[in-house]
Every structure is written in structure tokens, then in C-alpha cells.
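Excluded from the calculations below are hydrogen atoms, water molecules and symmetry mates; all remaining heavy atoms, backbone and side chain alike, are included.
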Amino acid sequence: MSSSSSIRVRFAPSPTGMFHVGGARSALFNWVMAVQSGGTLVLRIEDTDASRNSPEWTEGIIRALAWLGIDGEQYEGPYFQSANADRHAEAVRTLKDAGRAYYCDCTREAVIARTGDQHKGYDGFCRDRGLEPGPGRALRFRTPDDGQTTVVDLLRGKPVFENAVLEDFVIARADGSVTFLLANVVDDMTQGITHVVRAEEHLSNAPKQQLLWEALGAEPPVWAHVPVVVNEKRQKLSKRRDKVALEDYQAEGYLAEAMRNYLMLLGWAPSGDREIVPWDVVVEEFRIEDVNTSPAFFDEKKLRAFNGEYIRALPVEKFIAECLPFLERAPFDVDVAVFAELAPLAQTRVALLSEIVPMIDFVFLDEPPSDEQSWNKAMKGPAAEILAAAEAAYLDAPWHADELKERLERIGAEHGLKLGKTQAPVRVAVTGRTVGLPLFESLEILGRDRTLARIATARARLAQRG
């Protein structure tokens, strides 16, 4: 790719109420290309659909981009497609006056009746009827009858489309509003877009839009159609079926850095046998030409593992700061100073920031959380004897994790048990769960009095059960 600063790429989402992870990947690809080239990323909101023209949805796009690191200083805009309506109308007049477009009043039913084929495209019936604008009359672009249109694509080479099979497509509706095909071309021309990187589903539109560029007397942009993003069944990600909203992942506690790294790998890979790489390495190594054209599998399990790696790599102060919004929504009060003591223990055990609340709740609740499955699993065999011995051993123990561990190990040895089995009833008595933070460090932070009180309560419950 050229290093010329004249490169202008654009990201042009439609407001839909949520920010699709596939769109987020396209935004990142465009952003990296702009950064690499010293060029410009242009943000354009395609808001001409009145049903989607919501300021809140547009703000959602801007917030989602900012979370990924693409804030207002990283792009030009946002521009709004609706603000370019005058130029859209001018293009319509230019194409009509040049004989490159004509009005058509054909319904889909009429076309099927004439052709006898419900799958066949428009048959050009109105090409020479000389219709004027009017109710029910759309404006169609007259495609060439012969020859070929070659689309130069940075990923796919030079796909060739036979003009004869390109139907005369609608560029303006009967109400005068222009379609996506023409609006995009006019907007890209107006904003000087030189490179268009978008999803492969638009590849079939490229020859039509390229013909429009040429008919309007301009040089088409450089195209790059990136692979579709699919789920584990290799179906295209769908908001009706799959979790696709970037906002949902953010709310679950995915870090922006982890999401950004992972999205860049949907079709591309850095050098060497590695996937988790610093962002400056991504910017240095990424080439749109190296993106694979095969469908890209969005593997949520892999993303989760990525996120865990990024969480563990955070400085503990940063980890605490990232956790605070989740702690503020907890159904109990959190003493941040106490949480700071727990944070190093929790940081190695959470893959999502949202997991932090159930990980540390036992410290801030008056009583440990109730988990019958954990209770039934741990409170059997010599559990009552272990709890009694632990309570006695901890009455006068120096309250340090190492000493607490050593005393419980001795209790386990008396019962012929390894530490893992020995500590299970103590863990459930104190924390409510069989899995959680390191037990003895947790006891140290919880304190002697609360630890002994919980062990006593558990013993009483066991005694009632008989």
C-alpha cells in the first residue's frame, strides 16, 4: 500500500441500535490503514433511512469507536449522509441528462409476468419508453449491454463481471430519495475517499458502483472486500441468533485492548507463532493485502481466553480501576481499600471483569453466599471433624496465610487427607463456594473473628443435620 498521505479511507456504519462486531473489525482495518499511511480515516453515518435516524444510535456508534480507541481525534467527521442530499440529487440529474439513467414504472410482479421467471432480474422494459418522473416511477441506471467490468480488489485480485448480466439497477426511488448504491458513490466522491474496505457481501455491488463512478466522471477507489465473520456453525453472524453487539461484550467486562487485538485476527495474523501482540506491532505489520478471504470464525471462547491474558497483564492499580464500575453496581457495599488487598488474588482468576463481584462477595457480605451444590459437595465425610479442628487451631494462630495453611495441613494429615480435600469444608464454610480465591490469603483478609464465626455457623448447621 502506498505511504502517500493522500490516502483517505472511510468507515460508514448505519445506526442500528447496536454496534456489530463485524463492523468493529472493518472500522479497525480502516483505522490501521489510515495510521500506517499517514492518511485520514473518515467517519460517515449513513442515516438516510428515517427508521434508523436516531441521535442516540449515532452516539452509540461514536461511543463504541471511542472504546476501541478510535476517538474523535482519530478520524475526520462524523459526516452524515443525509446532509449530502443536494449532491445526491445533482448526481441523479447528471446521470439522467447524460442518458445514463431512465425512469421506470415496472413492478416486480410485472417483470415476473413478462419473463416468466421469478428469479430473473429486471429486463430493461422501460429503457426506451421515455418516461418522465412521476408517482411509482423509480430511476434506473442503464448498464452497458456488452463488455466487462473489472474490479481491482486488494484481497481478491481482479474479479471480472459481465456487463450483460448486470441488470439496470435503481438509483433513485419514486419519492426522489437515492439508494445506497448511488449515495455511497456520491459521498465517497465528495469526501475524496481513495480506498474502500468493507465486508465481502458488498462485492456484488462493486461493479455497479464502479460503473457509477465512471459515469460521473471520476476514478473509482481501491477496493478491498474482507471476509464475512461467522459463528461456530460457519453461519454468518446474525443479531437475531448470535451475540454480536460490541456493547454487550463491553458490559460483560471485556477489555478494549483484548477485543481490538482479537478483532484484528479475524482474517489476518501477525508474524511468528503469536496472536497476542502489542497494538504498535499490529500497526506496523498489518497489510490489508494479507487478509485471508476465507470466512473468519468469531470464537467467543478464544476471545475470553484473550481477555484473561490481557487482564493478568494489567498493573494491579489498573486492574482495580477497571473493576470499579462493576463493583459500584454490586448489590453490597465494597470497601475499595479492602478490595485492593483482594485484587492481586482475583486478577489471576477472572477472565471477565464482571466475574469480580461473585469472586469477592464473601468478604463484603455479612454471611457467606448460599450455594447448596457447593455445600453438599464439601460437607460430607469428616467435614464436621475438620471444621471443629480448624476452629480450635485458628483460635490462637498467628493470623498469616502461611500459618493458617500449615495448621490445616496438619489437620488433614491426621485424617489422611491432602490439603485440597481438607480445605474444602473450610472454604465453603467461609466463602460459600468450592471454587474461588486462594483460601488462606482470603482468611487473612477476612480476619480471625469473621472466619471463626462462619466456621461455627457451618458446624451448627452440620450438627442440626445430624
Asks: Give the minimum heavy-atom separation between Thr179 and Ala172, together with the two atoms involved.
Replies: CG2-N, 4.2 Å
Asks: Could you tell me whether a side-chain N or O of Arg137 sits under 3.5 Å from a main-chain N or O of Glu132, the two making a donor and an acceptor?
Replies: yes
Asks: When the ring planes of Phe364 and Phe332 are compared, do they come out parallel, tilted or perpendicular, using 30° and 60° as the limits?
Replies: parallel
Asks: Within the 3.5 Å criterion, strictly below it, is a donor on Asn261 or Tyr310 matched to an acceptor on the partner's side chain?
Replies: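 Per modelled atom types, Asn261 and Tyr310 side chains form a pair under 3.5 Å.
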Asks: Just checking, any donor-acceptor pair under 3.5 angstrom between side chains of Thr40 and Glu76?
Replies: no
Asks: Between Gln235 and Asn231, do the side chains contain a donor N or O and an acceptor N or O under 3.5 Å apart?
Replies: yes
Asks: Could you walk me through whether Val428 and Arg433 satisfy the side-chain contact (heavy atoms from CB on, under 4.5 Å) test, starting with their C-alpha distance in whole Å, then the side-chain angles of each, then the deciding distance to 0.1 Å, before giving a yes or no?
Replies: CA-CA 5 Å; Val428 172; Arg433 301 185 180 92; over 6 Å; no
Asks: Using modelled atom types and a 3.5 Å cut-off, is there a donor and acceptor pairing between side-chain atoms of Arg44 and backbone atoms of Gln81?
Replies: no
Asks: Between Ile311, Leu324, Leu327, which is the residue that forms a side chain to side chain contact (heavy atoms under 4.5 Å, CB included) with Leu353?
Replies: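 So, applying the side chain to side chain contact (heavy atoms under 4.5 Å, CB included) to Leu353 and each of Ile311, Leu324, Leu327, only Ile311 qualifies.
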Asks: Please determine whether side-chain contact (heavy atoms from CB on, under 4.5 Å) holds for the pair Met259 and Leu246, giving the CA-CA distance in whole Å, both sets of side-chain angles, and the decisive distance to 0.1 Å.
Replies: CA-CA 9 Å; Met259 177 63 75; Leu246 190 72; 3.7 Å; yes
Asks: Under a 3.5 Å distance rule, please check whether Ser37 uses its side chain to pair with a backbone N or O of Ile7 as donor and acceptor.
Replies: no
Asks: Answer yes or no: is there a donor N or O on one side and an acceptor on the other, between the side chain of Asp47 and the main chain of Ser82, under 3.5 Å?
Replies: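 It does hold such a pair.
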Asks: Check whether any side-chain N or O of Glu252 sits under 3.5 Å from a backbone N or O of Leu352 as a donor-acceptor pair, and report yes or no.
Replies: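 No.
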Asks: Is it the case that the side chain of Tyr79 and the backbone of Glu46 share a donor-acceptor pair, with hydrogens and angles ignored and the cut-off at 3.5 Å?
Replies: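 No; zero donor-acceptor contacts below 3.5 Å.
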Asks: Report the C-alpha separation of Arg312 and Glu309 in whole Å, then their side-chain angles, then the decisive distance to 0.1 Å, and conclude whether the salt bridge (charged side-chain N to carboxylate O under 4.0 Å, His left out) test is met.
Replies: CA-CA 5 Å; Arg312 288 187 284 278; Glu309 292 287 339; 3.3 Å; yes
Asks: Using a cut-off of 6.0 Å, state whether more than 12 heavy atoms not belonging to Lys236 lie near its atom NZ.
Replies: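 Counting other residues, nucleotides and ligands, NZ of Lys236 stays at 12 neighbours or fewer.
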Asks: Check the surroundings of atom CZ in Arg87: do more than 12 heavy atoms from other residues, nucleotides or ligands lie under 6.0 Å from it?
Replies: no
Asks: Would you say the rings of Trp279 and Trp31 are close, in the sense that their centroids are separated by under 6.0 Å?
Replies: yes
Asks: Assess the residue pair Arg114 and Glu109 against the criterion (salt bridge (charged side-chain N to carboxylate O under 4.0 Å, His left out)); give the C-alpha distance rounded to whole Å, side-chain angles, the decisive distance to 0.1 Å, and a yes or no.
Replies: CA-CA 9 Å; Arg114 284 196 302 270; Glu109 292 74 17; over 6 Å; no
Asks: Salt bridge (charged side-chain N to carboxylate O under 4.0 Å, His left out), that's the test. Do Arg127 and Asp145 meet it? Break it down for me.
Replies: CA-CA 12 Å; Arg127 269 191 166 194; Asp145 295 326; 2.6 Å; yes
Asks: Evaluate salt bridge (charged side-chain N to carboxylate O under 4.0 Å, His left out) for Glu285 paired with Arg274, printing each intermediate quantity in order.
Replies: CA-CA 13 Å; Glu285 294 191 359; Arg274 56 182 180 166; 3.0 Å; yes
Asks: Consider only side-chain N and O atoms of Asp168 and Tyr102, and report whether a donor and an acceptor are under 3.5 Å apart.
Replies: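 Short answer, yes.
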Asks: Answer yes if the ring centres of His195 and Phe29 are under 6.0 angstrom apart, and no otherwise.
Replies: no
